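Everything on this sheet refers to the single structure shown next.
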Amino acid sequence: LFAGRRYRLARTAEGVLIGLAPLGLLLVIAGAAAVGVALFAIGTIGATFVHLVVGISGYRRAMRAEWPKVAPLQDDDW
């Protein structure tokens, strides 16, 4: 389910974006506040977006898959 080329690319992009957030914080501490805040925001928002896209596409792929052929359960409540 999660072994495709697109999934690996998305996970790599998410890792890069997550790495931008601490870099942004370090730049804020070092004195480059505008650049640091921008990198932090891009990293955080981008990683969240990629994570949501991977989750939604994985869910859609799972729901489109062939459902198993099983007998229905007997209703013993009555």
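For clarity, every value in this text was computed on a predicted model and none was experimentally measured.
- I56 shares a hydrophobic cluster with no other residue; no ILVMFWY side chain has heavy atoms under 4.5 Å from its own.
- Atom CZ of residue R60 and atom CE of residue M63 lie 11.5 Å apart, to the nearest 0.5 angstrom.
- Residue pairs meeting the salt bridge (charged side-chain N to carboxylate O under 4.0 Å, His left out) criterion with at least one partner in residues 20-41, sequence neighbours excluded, are absent.
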Side-chain donor/acceptor pairs under 3.5 Å, residues 13-26, sequence neighbours excluded:
{"residue": "E14", "atom": "OE1", "partner": "R11", "partner atom": "NH1", "Å": "2.9"}
{"residue": "E14", "atom": "OE2", "partner": "H51", "partner atom": "ND1", "Å": "3.2"}

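- Residues passing the side chain to side chain donor-acceptor pair (under 3.5 Å) test with Q74: none are found, sequence neighbours excluded.
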For residues 39-50, which side-chain N or O atoms pair as donor and acceptor with protein atoms under 3.5 Å away, sequence neighbours left out?
{"residue": "T44", "atom": "OG1", "partner": "F40", "partner atom": "O", "Å": "2.9"}
{"residue": "T48", "atom": "OG1", "partner": "T44", "partner atom": "O", "Å": "2.8"}

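- Using a 4.5 Å cut-off between side-chain heavy atoms of Ile, Leu, Val, Met, Phe, Trp and Tyr, L52 forms no hydrophobic cluster with any other residue.
- Both Y59 and W67 sit in one connected hydrophobic cluster of ILVMFWY residues. Membership requires side-chain heavy atoms under 4.5 Å apart, directly or through other members.
- Applying the salt bridge (charged side-chain N to carboxylate O under 4.0 Å, His left out) test to residues at least two apart or on different chains, none of the pairs has a partner in residues 34-56.
- Applying the salt bridge (charged side-chain N to carboxylate O under 4.0 Å, His left out) test to pairs two or more places apart or on separate chains, none has a residue in residues 17-43.
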Without placing hydrogens or testing angles, list every side-chain donor-acceptor pair under 3.5 Å for residues 29-36, not counting sequence neighbours.
none

